[in-house]
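Report on one structure; see the data block that follows.
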Amino acid sequence: MKRLFPTYTYGSGPRTNCWWDETIASPDWPVLQGDLNTDVAIVGGGYTGLSAALHLAEAGIRVAVLEAETPGWGASGRNGGFCCLGGSKLSQAAMVRQFGEGAAQSYAQAEKDAVHLVADLLSGHAIDADVHSAGETQLAHTPRAMDSLRKQAEASGTLHEASDLPALGFGGGFHGAYTNPVGFALNPRKYLFGIAGAARSLGADLFRNSAVHRLRKTQSGFELGTKNGRVTARNVLICTNGYSSEDVPPWMSGRYMPAQSTVLVTRPLTEPELHAQGWTTDQMAYDTRHLLHYFRLMPDRRFLFGMRGGLHSSPRAEGAIRQKAVRDFRRMFPAWADVEVTHMWSGMVCLSRGLTPFVGEVPGQLGLFAGFAYHGNGVAMGTYSGRALARLVLGQADDLPDPMTRIPARFPLGRWRRALMPPAYAMMAVLDW
């Protein structure tokens with residue numbers, strides 16, 4: 001495997017002390033041993049891969065999921081648990097300019113459908129994932145940002161002036177807010193293992209510690225090689241997102257950009273502590289910065305706070321970004337300056353050059369499909385993309401909006417494309433003032 005970040009990034013260091021690991025035990029998937037023939041092989045056991053596996057298994061298709069690590073090891077098992085609108089980093093105006101009004105509306109509907117799909121899976125499979133929050137609230141970090149919220153506010157949501165926030169339980173010195181009614185918060189690991197269990201109950205084969213090191217086209221389909229086994233399949237789905245490899249398949253090379261995100265969780269807060277800060281709402285929220293922070297009070301009264309992570313990956317760099325996350329948390333919520341941060345970890349999100357997700361067949365490789373680049377919103381969009389991939393394999397109408405079907409262009413600089421990120425982050429930091 002050829003990955004962009006150092007070996008440290010893909011080891012245990014960044015995810016050590018992840019809170020979600022303590023909330024539900026990992027299922028016991030076997031390691032692939034020997035040869036296996038199946039209809040569809042799925043590389044990656046996150047939301048995309050398991051959603052695809054579930055929808056294929058429901059249609060009676062034999063499917064095998066090959067997860068490189070243990071269940072929930074990647075972004076799907078260590079994200080902030082925001083099931084919300086998102087998936088693209090393009091503004092609505094930019095989406096219209098590039099794709100047209102109709103396509104932009106179709107994409108916006110897909111984001112809503114993605115959230116509703118997760119809700120349907122939670123309900124339909126009786127998955128208890130600690131769901132809370134009625135939609136999602138964006139909080140203005142400057143008066144200028146609030147002016148933008150006023151201009152962009154849609155009738156379907158609710159605009160809140162700064163004077164409204166204390167009564168709503170949003171204490172943090174913000175200048176107003178806008179609440180979109182679509183979305184909710186959840187325990188991402190419980191949701192992931194819920195859909196995994198549903199897929200497995202329908203006959204899907206799920207394997208851990210079975211990284212795919214070789215993918216070869218054959219006359220009848222594909223052959224995938226792992227350390228201890230081999231899978232032959234008519235169709236293959238690449239569902240690795242921010243943990244992708246440049247050579248599985250080679251077409252992926254240069255078409256994705258991993259970016260780090262860091263999350264912390266505090267000890268449970270007492271009622272006096274919550275009132276001291278003025279944060280008493282269960283609403284999930286994020287601020288208007290380009291390098292945004294996202295945060296929420298969880299059902300057990302722990303507070304979760306996340307932010308875009310560092311640009312380098314090493315034990316030293318990980319320590320530095322964790323220190324910055326704590327500083328930002330205490331600066332934004334000063335009444336909790338002495339509250340213990342009990343858990344902290346980092347993971348990888350995935351960007352495309354065009355800033356939109358991709359779902360589709362790999363050009364020139366009949367039967368090989370990929371879904372990736374959710375720009376930090378993989379709970380909903382990864383699930384949606386997995387279902388779309390299943391529909392593509394089944395020959396059904398996928399209902400994908402045009403922006404998601406465009407072949408992603410390669411980033412400049414090839415293997416060294418991470419060098420593009422520091423100036424981009426520096427520009428966003430300037431814009432955040």
Side-chain angles (χ1 to χ4, degrees), residues 80 82 84-86 88-97 104 108 111 133-183 185 259 261-264 266 273-297 303-309 321 324-337 339 355 375-377 422-433:
F82 283 54
C84 55
L85 300 182
S88 169
K89 295 301 285 186
L90 289 179
S91 67
Q92 179 69 10
M95 187 78 72
V96 171
R97 286 196 303 271
E111 288 192 346
S133 184
E136 181 181 41
T137 299
Q138 187 176 23
L139 292 152
H141 75 291
T142 64
R144 184 177 64 180
M146 185 58 197
D147 288 340
S148 295
L149 287 184
R150 292 188 187 99
K151 294 174 184 177
Q152 299 167 7
E154 298 181 1
S156 59
T158 304
L159 192 68
H160 314 288
E161 295 298 331
S163 59
D164 302 327
L165 298 184
L168 296 172
F170 294 111
F174 299 103
H175 299 270
Y178 172 76
T179 295
N180 189 303
V182 180
S261 194
T262 299
V263 185
L264 65 81
T266 70
E273 286 172 330
L274 293 173
H275 286 281
Q277 179 57 53
W279 192 281
T280 56
T281 179
D282 289 335
Q283 189 77 353
M284 62 181 183
Y286 65 107
D287 64 22
T288 45
R289 291 176 173 87
H290 291 83
L291 295 173
L292 60 82
H293 302 93
Y294 50 95
F295 34 89
R296 61 187 174 97
L297 183 64
F303 197 78
L304 179 148
F305 179 90
M307 58 179 284
R308 288 292 172 260
I321 194 58
K324 185 179 188 314
V326 172
R327 287 197 304 271
D328 283 12
F329 163 65
R330 301 203 189 285
R331 174 177 55 81
M332 292 177 65
F333 301 97
W336 299 335
V339 169
L355 301 181
H375 301 89
N377 287 278
Y425 271 39
M427 177 60 71
M428 286 189 283
V430 170
L431 294 173
D432 284 338
W433 282 94

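From a predicted model like this one, the values you see are computed outputs, not experimental measurements.
For K324, the side-chain hydrogen bond (donor to acceptor under 3.5 Å, both in side chains) test picks out D328, with sequence neighbours left out. For R308, there are no salt bridge (charged side-chain N to carboxylate O under 4.0 Å, His left out) partners two or more places apart in sequence or in a different chain. Under the salt bridge (charged side-chain N to carboxylate O under 4.0 Å, His left out) criterion, E273 pairs with R267, not counting sequence neighbours. With sequence neighbours excluded, the residues forming a side chain to side chain contact (heavy atoms under 4.5 Å, CB included) with Q138 are L149, Y286, T288, listed by chain and number. Applying the side chain to side chain contact (heavy atoms under 4.5 Å, CB included) rule to S163 yields the partners E161; only residues at least two apart in sequence or on another chain are considered. Contacts of A155 classified as side chain to side chain contact (heavy atoms under 4.5 Å, CB included), with partners at least two apart in sequence or in another chain: none.
Proximity of L85 to E136: side-chain heavy atoms (C-beta onward) are nowhere separated by under 4.5 Å. Two residues are said to be in side-chain contact when any heavy atoms from C-beta on lie closer than 4.5 Å; L139 and H160 fail this criterion. Side-chain contact check for S88 versus M95: some heavy-atom pair is nearer than 4.5 Å. The shortest distance between side-chain heavy atoms of P334 and Q277 falls below 4.5 Å. A 4.5 Å side-chain heavy-atom check between K89 and N377 finds every atom pair outside the cut-off.
The nearest pair of heavy atoms linking A177 to L165 is CB-CD2, 3.9 Å. Closest non-hydrogen pair, G157 versus P181, comes out as CA-CD, 3.9 Å. Of all heavy-atom pairs spanning A162 and P166, the tightest one is O-CD, 3.5 Å. Nearest heavy-atom pair, T179 versus A134, reported as atom, atom and distance to 0.1 Å: CG2-O, 4.3 Å. Looking at every heavy atom in both residues, L159 comes nearest to M146 through CD1-CE, 3.9 Å. Residues V182 and N180 come closest through the heavy atom pair N-OD1, 2.9 Å.
Taking the six-membered ring where the residue is Trp, W279 and F174 present perpendicular rings, their angle passing 60° and hence far from 30°.
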Notebook entry, point to check: Could you go step by step and tell me if I321 and M307 meet the side chain to side chain contact (heavy atoms under 4.5 Å, CB included) rule?
Noted result: CA-CA 10 Å; I321 194 58; M307 58 179 284; 4.2 Å; yes
Notebook entry, point to check: Run the side chain to side chain contact (heavy atoms under 4.5 Å, CB included) check on M284 and C84 step by step: do they pass?
Noted result: CA-CA 10 Å; M284 62 181 183; C84 55; 3.8 Å; yes
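Formation of a donor-acceptor pair under 3.5 Å by the R330 side chain with backbone atoms of W336 is found in this model. Of the possible polar contacts, none joining the T137 side chain to the Y178 backbone as a donor-acceptor pair under 3.5 Å is found. Side-chain atoms of D287 come within 3.5 Å of backbone atoms of H293 as a donor-acceptor pair (strictly under, hydrogens ignored).
R296 contributes atom CZ, which lies 10.0 Å from atom CG of D282 (distance to the nearest 0.5 angstrom).
Tested against L297 for a side-chain contact (heavy atoms from CB on, under 4.5 Å), the candidates L274, T266, L304, T281 yield a single pass: L274. F295 pairs with exactly one of F170, F333, F329, F82 by the ring pair (Phe, Tyr, Trp, His ring centres under 6.0 Å) rule, that one being F333. Of the residues listed (K151, R150, R144), the one engaging D147 in a side chain to side chain donor-acceptor pair (under 3.5 Å) is R150, and it is the only one.
Under a cut-off of 6.0 angstrom, the local environment of CD in Q92 is crowded, with over 12 non-hydrogen atoms contributed by other residues, nucleotides or ligands. Annotation: M427, atom CE; neighbour count of heavy atoms from other residues, nucleotides and ligands within 6.0 Å does not exceed 12.
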